[in-house]
Amino acid sequence: MEHGPKENEFRQQRLANLQKLQEMGYTPFGQAFARTGTVAATLAGFAEHQPATLAGRVVSKRQMGKSIFAHLQDGPDRLQIYVKKDLVGEQAFAAFEWIDLGDHLGAEGELFVTKTGEKTLKAAKWTLLSKALLPLPEKWHGLQDVELRYRQRYLDLIANPEVRRLFDQRTRIIAELRVGLTGHGFAEVETPMIQPMAGGAAANPFKTRYEALGADMFLRIAPELYLKRLLVGGYDKVFELNRNFRNEGLDRSHNPEFTMVEIYEAYGDCRSMQRLVEELVTTVAQKVCGSLQVGAGDMAVNLTSPWRVVTYRDLILAQAGADWYDLPLETARQRARDFKLDIPADWDRGAITHEIYEKLIEKTLINPTFVTRLPVELVPLAKACADDPTVVDVFELVIRGREIAPGYSELNNPIEQRRRFEEQAKGDAAKIDQDFLDALEHGMPPAGGMGIGIDRLIMVLTGAESIRDVVLFPQLKPRG
RNA sequence: GGGAGCAUAGCUCAGCUGGCUAGAGCAGCUGACUCUUAAUCAGCGGGUCGGGGGUUCGAAUCCCCCUGCUCCCA
């Protein structure tokens, strides 16, 4: 970031203040500082006349002759300190003059409650821990500029405590998911992020180069094919919670790197995954949000069990008419166009039907809904249903109109898998993961598998409208 | 990829039917004040109006291009 000339004026003033403090014997960038606790813990266990030693960033300062009130911010929490000339002594009081908003201080003293009822630390002594050379955003309105909030998230976190609280929720949601999964006996593993071929999903990968091997490599688009190798190797319950990378567009629900938990259970199927995700999400919501009613207004969702389960076919029949699957293709095309859908002339029935699902149905599914028995052409890596080869034994969990978690009865037939890979590769043998096929030929147990989009789940649980509000440093175009 | 909107002081925002030296609040500076809390009171400084080009006697304001962000659509 370049500094405009006027920004330097603020900086010059602060450098001068730093100089004065230094001349008075203060160290502008101090050492480790032993606190009796955080501000949050101190406020929670507050008792008058208790001694306390706290640290934080000065975010307000009200000076009145021979006494000063200031707020120390520690994470999202603030505590007022009272600096009185009689108490800290003449010199320390004079030196406080050169403290700027944004400086980190330590303060030692006794807790009390002011006349107006605010919990406050009466300082007997203060310590300079770090001098800030640049000013903070506005104290009342916070930092509003959306672009600055993302580009300089640290300022957003300082100025907008609710942002910090949201990310604290994110941390707890992920921690509780791990607790839930390990509680069910799932082992957390790590598989390659740098892969010689980017398999396990249909997406454009980021390409990179491993110089030492003289080989082109890819950032993974999914961990799936490695986790399945672990099923072959005898792991029966595994998960990996980490980043995937997809070289595709940015919008309010897509970031090129996003967090996903993939879960596999040997001898399970998509129904065991269904029960697992419902239990995980409701438990996490209850623990972290304290309720199954999450979000507010347009973002409100009711997570109460049992969640709706409905077949893709039934959703289509309800939307497109009970006779939909019996209509001649041309009649069906016309009906879709009557729904104001843009249907190219070369689309087959499956494509038209899916357009109806995506454009008209999916966004209406607000509370959690398992959409089951999807057409086989939509999901090439899943097992067909035993009673109907045209549909696969999968679910798509939709919440707030978006796909949150797909779950499969995994394909473990190596011959069928090879056929589908060859179909996808269209004759390009280099695109087929032979090593994975070899693994399958050694025998993979039947298994249920599922991926939960963590960022989207966190959007649902926190009521966030954009993925950029739940990712600390969302991807933006570089700017000088 | 297409359309619409936004960009003014460190921050939050006015100003935009072209016309005094571009304003306010916060932050900053000087001074007063020993329970304030968006502290108060008196005074002061602070601008490449995102960047470039054009129209005009005159542009923050109108037109074109570029950059970034936001929203809608694909």
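The chains referred to below are lettered A, B, ... by the order of the sequence lines, with proteins before strands, and numbering in each begins at 1.
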**Q** Does this structure show an ion pair linking A:Arg172 with A:Asp168, if we count only N-O contacts that are shorter than 4.0 Å?
**A** no

**Q** Any side-chain N or O of A:Arg468 under 4.0 Å from OP1/OP2 of B:rU70?
**A**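 For B:rU70, OP1 or OP2 has a side-chain N or O of A:Arg468 closer than 4.0 Å.
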
**Q** Can you figure out which of B:rU70, B:rC71, B:rC29 approaches the side chain of A:Asn17 most closely?
**A**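 Of B:rU70, B:rC71, B:rC29, B:rC29 is nearest to the side chain of A:Asn17.
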
**Q** Just compare B:rC69, B:rC29, B:rC71 and give me whichever is closest to any side-chain atom of A:Gln13.
**A** B:rC29

**Q** In this structure, how many angstroms lie between the C1' atom of B:rC26 and the CZ atom of A:Phe10, rounded?
**A**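 In whole Å, B:rC26 C1' lies 10 Å from A:Phe10 CZ.
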
**Q** With a 4.0 Å cut-off, would you call A:Arg165 and A:Asp77 a salt bridge?
**A** yes

**Q** Report the nucleotide, chosen from B:rC35, B:rG28, B:rC11, that has the shortest atom-to-atom distance to any side-chain atom of A:Pro137.
**A** B:rC11

**Q** With a 4.0 Å cut-off on heavy atoms, is A:Ile68 in touch with a base, just the backbone sugar-phosphate, or nothing at all?
**A**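 No contact.
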
**Q** I'd like to check, for A:Trp140, whether its ring lies over the base of B:rA38 with centroids under 5.5 Å apart and a plane angle smaller than 30°.
**A**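 Yes, aromatic ring over the base.
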
**Q** Give each protein N/O atom lying under 3.5 Å from an N/O atom of nucleotides 39-43 of chain B, with the pair distance.
**A**
unit_1: B:rA39; atom_1: OP1; unit_2: A:Lys139; atom_2: NZ; d: 2.0
unit_1: B:rA39; atom_1: OP2; unit_2: A:Arg62; atom_2: NH1; d: 3.4
unit_1: B:rA39; atom_1: N6; unit_2: A:Gln63; atom_2: O; d: 2.9

**Q** I need the CG-P distance between A:Leu250 and B:rG1, as an integer number of Å.
**A**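 Checked: the CG to P distance equals 12 Å.
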
**Q** Measure from CD on A:Glu9 to P on B:rG46 and round the result to the nearest Å.
**A**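 Checked: the CD to P distance equals 8 Å.
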
**Q** Provide, to the nearest angstrom, the distance between the NE2 atom belonging to A:His254 and the P atom belonging to B:rA74.
**A**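 Checked: the NE2 to P distance equals 14 Å.
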
**Q** Give the dot-bracket line for RNA chain B from 5' end to 3' end: parentheses for intra-strand Watson-Crick or G-U pairs under 3.5 Å, square brackets for crossings, | for inter-strand pairing, dots for unpaired.
**A** (((((((..((((.....[...)))).(((((.......))))).....(((((..]....)))))))))))).

**Q** Whole Å only: how far is the CD atom of A:Gln80 from the P atom of B:rA38?
**A** 10 Å

**Q** Side chains of A:Glu138 and A:Gln144: do they bring a donor and an acceptor to under 3.5 Å?
**A** no

**Q** Hey, are A:Gln80 and A:Thr120 close enough side-chain-wise for a donor-acceptor pair under 3.5 Å?
**A**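 Present: a donor and an acceptor within the cut-off.
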
**Q** Rounded off to whole Å, could you give me the CD-to-C1' distance for the A:Gln152 and B:rG68 pair?
**A**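 Distance check: A:Gln152 CD to B:rG68 C1' gives 14 Å.
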
**Q** Return the value, rounded to whole Å, for the distance between atom CD of A:Gln144 and atom P of B:rC69.
**A** 19 Å

**Q** So, under a plain 3.5 Å distance rule, would you say the side chain of A:Glu138 forms a donor-acceptor pair with the base of B:rG25?
**A** yes

**Q** Do the side-chain N and O atoms of A:Ser466 and A:Asp469 include a donor-acceptor pair separated by under 3.5 angstrom?
**A**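 A:Ser466 vs A:Asp469: no donor-acceptor pair found between side chains.
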
**Q** Tell me whether the side-chain N or O atoms of A:Asp145 pair up with the base of B:rU12 as donor and acceptor below 3.5 Å, since no angle test is needed here.
**A**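 By the distance-only test, no, there is no pair.
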
**Q** Can you tell me the distance, in whole Å, between the CG atom of A:Leu143 and the P atom of B:rA7?
**A**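 So the CG-P distance, A:Leu143 to B:rA7, works out to 17 Å.
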
**Q** Select one nucleotide: of B:rC29, B:rC69, B:rC11, the one nearest the side-chain heavy atoms of A:Leu148.
**A**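 For A:Leu148, the side-chain atoms sit closest to B:rC11.
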
**Q** Select one nucleotide: of B:rC69, B:rU12, B:rC29, the one nearest the side-chain heavy atoms of A:His141.
**A**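 Within the option list, the nearest is B:rU12.
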
